[in-house]
Amino acid sequence: METVTLKVFRFDPEKDKIPYYRDYEVPVEGTLLNALLYIKENLDPTISFRAFCRSEVCGSCSVRVNGKTKLACKTPMKELVKTWKGKPLRIDPLNHMKVIRDLVVDIDKPIEKMKTLIPWLVPDPRVVPSDPRHESIIYPEEMELYKDQIHCMLCFSCYSACEAVEDNERYRGPFAFSKAYRFQVDRRDIETAKEKRIRYSISGGLWSCVQCQKCIHVCPKGVKPAEDIQNLRGQAVKKGFTDKPGAKKLKHYVDWIYATGQINRLYLPEEVYGNKEARKKLTEEYERMGIEVWEVPKPTKGLMKFRDIYLEILSREDKALELDFSHVRKIDKMVSDIFKADICTIVDRAHQNNRKSKGLIGKLKGLLGGSDD
Amino acid sequence: MIKVGFYQGCCFQGQDAHMFETMKEVFRMIDVELELLEETTCCGGNTIDEENRKLSYAINARNIALAEAKGLDMLISCNTCYMVIAKAKNALDNNKKLRDEINELLKEEGLEYRGTNKIYHLLDFFRDVVGYDRIRKAVKRPLKGWKVGAYYGCHVLYPKHTAIDDGDNPSSLQEVLKALGAEVIDDYEAKDTCCGYHAFFTDKTMTMKKLNRILGSVKKAGVDIVATPCPLCFKSFDIYQLQMENPPMVPSAFLPELMAYAFGLDKRKSGLGHHLIEVKKE
């Protein structure tokens, strides 16, 4: 029978000064949970871990394998051996929580953090009937908005893998934001509660998420916290919470991409942090190295049609007014000043001229998207 | 000669435009012709998704459609662009209603998203299309004695449905670096830590803490240079590192630059000579 070594984290705070690892030889069959149960039943009854349903429902058996978060009952041993090419598998308790004993961690802290985001329904009396004999109907298309989020079983895999939890003590955790978002799109939930959730999300680190996508990667139930965090950020801006750098960054993206088809990294520090020096410094630094810097990105061919598509989608989603047209006009003016023509003419001209044209030289090189020589 | 459509995104423009010429040269040396997909726009940088996900899908349906119109597969050299475009492709391929709605809008430009052509990131393109042998053969100046830290960046490894390698134990970057003759260091403590690029304009302290972890960790592992296949991770390392309180001054490279240098281009032409944190290793 094929076997593999599990190096299991052991720590009993009542007996041990520091944690240690113990090796166990286990069969390569069934799931990682089977292997842990095999150890408990056949090799070492003193080992502690949490497990209950054995069928990906209760969410209690999450651990880390060579640092990567896994739900033990969902992880085939064969797959682990294949991934790690037969090398020993180091089994650790989940990250970011205090170890109670061996693989058992204290989940109180993330639970308390989650509660601050009001992860429950606050009924809107205009929608939810006060008479308990009357139901409030949920239509399938409404359900569509939170059909994934409701599968969260609090396994804390995402909390363990999260980069923001790692470096921001206040950060509520990916699952907590998914739980909150689920009620943000529930018609039965009252507007005042939605407003509070946004407020509390912001103070709970909404803008600290680094968008690494690890939460989506490790979730055994297909929840996408990183995307829910994006959705919450969008809601925050829409509700007028526009003072945070992240909100200004979003505005930069929305306006500049509409105006030119590109973001403008030279202007980001100024538009987000009010740092006017950065553009100058960066430009000088690159010029010192002999690299030409273009102040505006290349307006792409088909830009005007691209703008139509962009605006059409935004209006269909009832978001067209979120484009800041005065900002767009400023960008247009910047483009015209540099290229000595209005943006429509520039786009047309750039693509009539062949690549070897020396007309507007330097600045136009950017427009043509390549070198002139 | 293999021909592929090259998606430049926001990198390879403005102050980085010289890099496209280097990329073209590097790819020519491994028998690949890059055709610049000129009419494409920014992918939305995973930020437009905050405004509206459908807008992100539409922008990228248009980007992919531009490659498809030329009958080309699309090569994307930025981790984030890759992930955002792959997510859009995934949504469009699995949702006919969404595809029809967006195609209706693309019609105006005479474009159509069909889903017929592939999208690649550098790493799976090297592994599945070019092959490591061809890279090995193009090397004229092996990176002998270079201790290179392999740093993937997140968006090619996670989430699973768009990943181009095994997110738990990837190998495609090490293979390229080995083919260049470098000594690969891939077991440093913070190898999986996010570079923090995307937090720079949302929560700057987060970026600084991430850089501190990664660069401290590679320094401890004794690397000469960190190599990443993502131009954004590279910017985080080369530009944002200087904003740290005590910058460890760890040099870094965007993978194609190292390839260019190993293929015989000089420091300046390869791009390695243009870094804010100087690459001293010869």
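First the proteins, then the strands, lettered A, B, ... as listed; each starts at 1. Side chains included, hydrogens not; waters and symmetry mates left out as well; all remaining heavy atoms used.
For B:H274, the parts lying under 4.5 angstrom from a heavy atom of chain A are both the backbone and the side chain. Both the backbone and the side chain of A:E163 have a heavy atom closer than 4.5 Å to some heavy atom of chain B. Contacts between A:Q235 and chain B at a heavy-atom distance below 4.5 Å are absent for every atom of the residue. Interface remark: A:I257 contributes side-chain atoms only to the contact with chain B (heavy atom separation under 4.5 Å). Both the backbone and the side chain of A:K319 come within contact range of chain B, each with at least one heavy atom under 4.5 Å from a heavy atom of that chain. Neither the backbone nor the side chain of A:R288 comes within less than 4.5 Å of any heavy atom in chain B. Contacts between B:K204 and chain A at a heavy-atom distance below 4.5 Å involve backbone atoms as well as side-chain atoms.
Per-residue heavy-atom pair counts under 4.5 Å with chain B were compared for A:L314, A:I263, A:L250, A:V218, and the maximum is reached by A:L250. The candidate from B:M83, B:R268, B:E108, B:E101 with the greatest count of non-hydrogen atom pairs under 4.5 Å with chain A is B:E108. Of the listed residues B:D49, B:D166, B:D192, B:L276, the one with more heavy-atom pairs under 4.5 angstrom with chain A than any other is B:D192. Top candidate by heavy-atom pairs under 4.5 Å with chain B, chosen from A:N66, A:V237, A:D308, A:N168, is A:D308. Contact tally against chain A (heavy-atom pairs below 4.5 Å) for B:C43, B:C195, B:C154: the top residue is B:C154. Chain B forms more heavy-atom pairs under 4.5 Å with one residue of A:K224, A:K305, A:E322, A:K85 than with any other, namely A:K305. Each of A:G234, A:P245, A:C209, A:A226 has some count of heavy-atom pairs under 4.5 Å with chain B, and the biggest count is that of A:P245. In terms of non-hydrogen atom pairs under 4.5 Å with chain B, the most contact-rich of A:T283, A:V210, A:I229 is A:V210.
The pair B:R213-A:E166 meets the salt-bridge criterion, with a side-chain N (NZ, NE, NH1 or NH2) lying under 4.0 Å from an Asp/Glu carboxylate O. Electrostatic pairing of A:K70 and B:D168 counts as a salt bridge here, judged by a charged N lying under 4.0 Å from a carboxylate O. With salt bridges taken as basic N to acidic carboxylate O contacts below 4.0 Å, one links B:K70 and B:E35. Salt-bridge annotation for A:K251 and A:D255: present, with a side-chain N of the basic residue lying under 4.0 Å from a carboxylate O of the acidic one.
Partner B:H198 forms a side chain to side chain donor-acceptor pair (under 3.5 Å) with one of B:T47, B:N46, B:T207, B:T80 and no other, that one being B:T80.
Aromatic ring pairs are classed by plane angle as parallel below 30°, tilted from 30° to 60° and perpendicular above 60°; the pair A:F177 and A:Y171 is tilted. The aromatic rings of B:Y240 and B:Y197 lie parallel to each other, their planes meeting at an angle below 30°, with 60° marking the opposite boundary.
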